[in-house]
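Have a look at the structure below, then the notes.
No experiment lies behind these values; they were computed from the predicted model shown. Chain A is the first sequence line, chain B the second, and so forth, proteins listed ahead of strands; every chain is numbered from 1. What's counted below: heavy atoms across the whole structure, side chains too, no hydrogens, waters or symmetry copies.
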Protein chains: 2
Amino acid sequence: MNRASYRTIGRLTHYWRALRDLEAEGQTYAYSHLLAAKAQVTAAQVRRDIMVLGYSGTPARGYEVRRLVECIEAYVFPSSEQRAAIAGMGNIGLALLKFFTGRRPNLHVTASFEADPEKFDRLIYGCRCYSIDSAGEVIRREGISVGILAVPDAEAQYVADVFVAAGIRGILNFARTPLEVPAGVYVENIDLAMSLDRVAFFARQSLKTERAVLPAGTPLDKASAGGTPSDEAPSANKESES
Amino acid sequence: MNRASYRTIGRLTHYWRALRDLEAEGQTYAYSHLLAAKAQVTAAQVRRDIMVLGYSGTPARGYEVRRLVECIEAYVFPSSEQRAAIAGMGNIGLALLKFFTGRRPNLHVTASFEADPEKFDRLIYGCRCYSIDSAGEVIRREGISVGILAVPDAEAQYVADVFVAAGIRGILNFARTPLEVPAGVYVENIDLAMSLDRVAFFARQSLKTERAVLPAGTPLDKASAGGTPSDEAPSANKESES
DNA sequence: TTCGCATTGTGATTTGTTTCACATGGAATG
DNA sequence: CATTCCATGTGAAACAAATCACAATGCGAA
Ligand SMILES: NC(=O)c1ccc[n+]([C@@H]2O[C@H](COP(=O)([O-])OP(=O)(O)OC[C@H]3O[C@@H](n4cnc5c(N)ncnc54)[C@H](O)[C@@H]3O)[C@@H](O)[C@H]2O)c1
Ligand SMILES: NC(=O)c1ccc[n+]([C@@H]2O[C@H](COP(=O)([O-])OP(=O)(O)OC[C@H]3O[C@@H](n4cnc5c(N)ncnc54)[C@H](O)[C@@H]3O)[C@@H](O)[C@H]2O)c1
């Protein structure tokens, strides 16, 4: 039972969602196959990931849905109130706040920070907006451990420094600035411009190889394995190889 | 000069951004070291990535900034107009449309699709909003090859099917539904809820190990390598090992 | 009760990616 | 002109992650 990797943590949340659905349907047991299909990975991958939980299913029955849900929750979700803050109430900042509000039982966005005085002291989706200048104080007072960065690129490092100095240990960064943070602070970068570039790139490639390989407008056959769960190599799968 | 991997494409866009900055500063040459520092990767990684471009720098001078910029553009960016569409003009859909508009020379969001009749036929950020029912027709007519999915989870597969049937070959998917698409269609999933869970997880872990390892409120030292460029293992780096 | 079978858990293997390490070579210096 | 320095390009090694393959297991049918 060794430590879970970055990717395993991500997949566990996918299994969790699938299991919740199964539970809602009244299923009490599930095989690795089924979870694999729902999360678009292999069955072996599912079993490996579940190993880190220390929970075992039984052959012939598979995994007990309720128990597995509980194990994943105990492993990846906070067991007691954990707080987050968002800096930058612009386009994505607002969308994220709205989206994340009330989504996880023990994970709450309890503060937002702005540089624009227009927005100070207002309640946005039930969450108080403070001046970025008081961020250190608020973060410490409320015990916030997670920070979401939705400020302009040029401000990102500055706000990250404020966050880290105040005790934040995990940052979800939407700015396209690679952040410098002390060892031990976890940063996950989400670079949407890059993602779009990449999708456009592989879309072009797909068009190119299609034209090169197929005689005419051959219809694409529905071979489920085509997609590319974020974080993997593109489906360079040869198409309809018949 | 073998094919570029998913991750190489992503990093190339980072080098590109760094190079543009250098160019703006008047630099005409750059070493792999420098690019590595700016993109938070190793110098060897930079050289490896650049290999796929077929461009060579010179020892003692490094890479010619202008030429390298051009090579990256020629390799990863569209050489002629490429079009994209967004489905779902809700929270993120709107933020994305605004953000992506006019950002890349040859990549344009030229249409958006909605199910809500309130939004039909309006111009949003200069982009026409159509009924999802006419998506097939519009996509074919305009030659759109990239689709962005910002619709509710339950609608994602349906819209993806419409997209694919109309000829879209790359999808940026914000819904948390794993999509089934034919082989050859590239899908990049962005699961923000998962990312937040993960950041929260590693933030908790960081707090835990800190408490376990450090005697008291030892200050974190600014060791630049601490962060975690998305897509990698968390900085399980031992902290201040003195 | 026994057998057959489908499924789990995991060692071994493969696959893919990053890093190392060094031969190569251009530029500057004396 | 020779020598020194440093950075590049790349084969080889190291590493990480996913997959394979199979022994172990327990259920249900006979
Ligand atoms: N909107 C998108 O879809 C999108 C997509 C990809 C990346 N991004 C990135 O996200 C970041 C924000 O994007 P946006 O579109 O929401 O921008 P935006 O301009 O709409 O919002 C930025 C907000 O941050 C506030 N702000 C500025 N400096 C601040 C500071 N020091 N402290 C606190 N708040 C501060 C501004 O007042 C503004 O409200 C940018 O780095 C951008 O590159 C946005
Ligand atoms: N908002 C966020 O920050 C955020 C974060 C993570 C994930 N997501 C995901 O993104 C998706 C959309 O989120 P949102 O917050 O923008 O939701 P939203 O409800 O604000 O927007 C969805 C939009 O899609 C439209 N729509 C519904 N069915 C459609 C169809 N068949 N064709 C075209 N348009 C249709 C709706 O009219 C609505 O305008 C969801 O899957 C959500 O899980 C959103």
Side-chain angles (χ1 to χ4, degrees), chain A residues 1-12 14-15 19 22 27-37 39-65 67-68 71 198 225 227-237, chain B residues 1-12 14-15 19 22 27-65 67-68 71 198 225 228-237:
Chain A
M1 174 179 153
N2 45 18
R3 205 137 220 74
S5 76
Y6 160 86
R7 281 156 118 154
T8 294
I9 296 297
R11 283 188 302 261
L12 284 171
H14 288 139
Y15 307 148
L19 286 161
L22 288 171
Q27 302 290 327
T28 54
Y29 284 89
Y31 296 126
S32 57
H33 299 283
L34 183 61
L35 293 177
Q40 291 191 349
V41 295
T42 64
Q45 183 77 79
V46 172
R47 297 201 296 274
R48 270 263 185 265
D49 288 335
I50 287 176
M51 275 179 69
V52 307
L53 301 176
Y55 165 74
S56 279
T58 65
R61 282 271 172 85
Y63 300 99
E64 205 180 328
V65 173
R67 289 262 285 133
L68 187 47
C71 286
R198 196 152 54 184
T228 309
S230 66
D231 226 302
E232 270 166 44
S235 53
N237 321 8
Chain B
M1 176 177 154
N2 45 18
R3 203 137 221 75
S5 76
Y6 160 86
R7 281 156 117 151
T8 294
I9 297 296
R11 283 189 302 261
L12 284 172
H14 289 138
Y15 307 149
L19 287 162
L22 288 171
Q27 302 290 328
T28 54
Y29 285 89
Y31 297 125
S32 57
H33 298 284
L34 183 60
L35 293 176
K38 297 220 180 232
Q40 291 191 349
V41 296
T42 65
Q45 181 78 81
V46 172
R47 297 202 295 275
R48 267 272 182 255
D49 289 335
I50 287 175
M51 275 179 68
V52 307
L53 301 176
Y55 164 75
S56 278
T58 65
R61 282 271 172 85
Y63 301 100
E64 205 179 329
V65 173
R67 289 262 285 133
L68 188 47
C71 287
R198 196 152 53 184
T228 310
S230 67
D231 226 304
E232 271 167 43
S235 54
N237 320 7

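- Note on A/Y63: a side-chain N or O is less than 4.0 Å away from OP1 or OP2 of C/dG9.
- The interatomic distance linking B/I50 (CD1) with D/dT10 (C1') rounds to 14 Å, in whole Å.
- Of the candidate nucleotides C/dT8, C/dT18, D/dA17, C/dT18 has the atom nearest to the side chain of B/R11.
- Atom CG in A/L34 sits about 17 Å away from atom P in C/dA6, given to the nearest Å.
- Between C/dT18, C/dT8, D/dA17, one nucleotide has an atom nearer to the side chain of B/R48 than all others, and that is C/dT18.
- The interatomic distance linking A/D49 (CG) with C/dT10 (P) rounds to 14 Å, in whole Å.
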Counting primed atoms plus P, OP1 and OP2 as sugar-phosphate and everything else as base, spell out the protein contacts along nucleotides 22-30 of chain D at 4.0 Å heavy-atom distance: B, S or - for each nucleotide, 5' to 3'. ---B-S---

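- No donor-acceptor pair under 3.5 Å is formed between the side chain of B/Y63 and the backbone N or O of B/T58.
- Taking all atoms of both residues into account, the shortest heavy-atom contact from B/Y15 to B/L35 is O-CD2, 4.5 Å.
- Between the CG atom of B/L53 and the P atom of D/dT8 there is a distance of 14 Å, rounded to whole Å.
- Residue contacts for A/S56: at a heavy-atom cut-off of 4.0 Å it reaches the sugar-phosphate backbone alone, with no base atom in range.
- A close approach under 4.0 Å does occur between a side-chain nitrogen or oxygen of B/T42 and OP1 or OP2 of C/dT19.
- At C/dT17, none of the side-chain N or O atoms of B/Q45 fall inside 4.0 Å of OP1 or OP2 (strictly under the cut-off).
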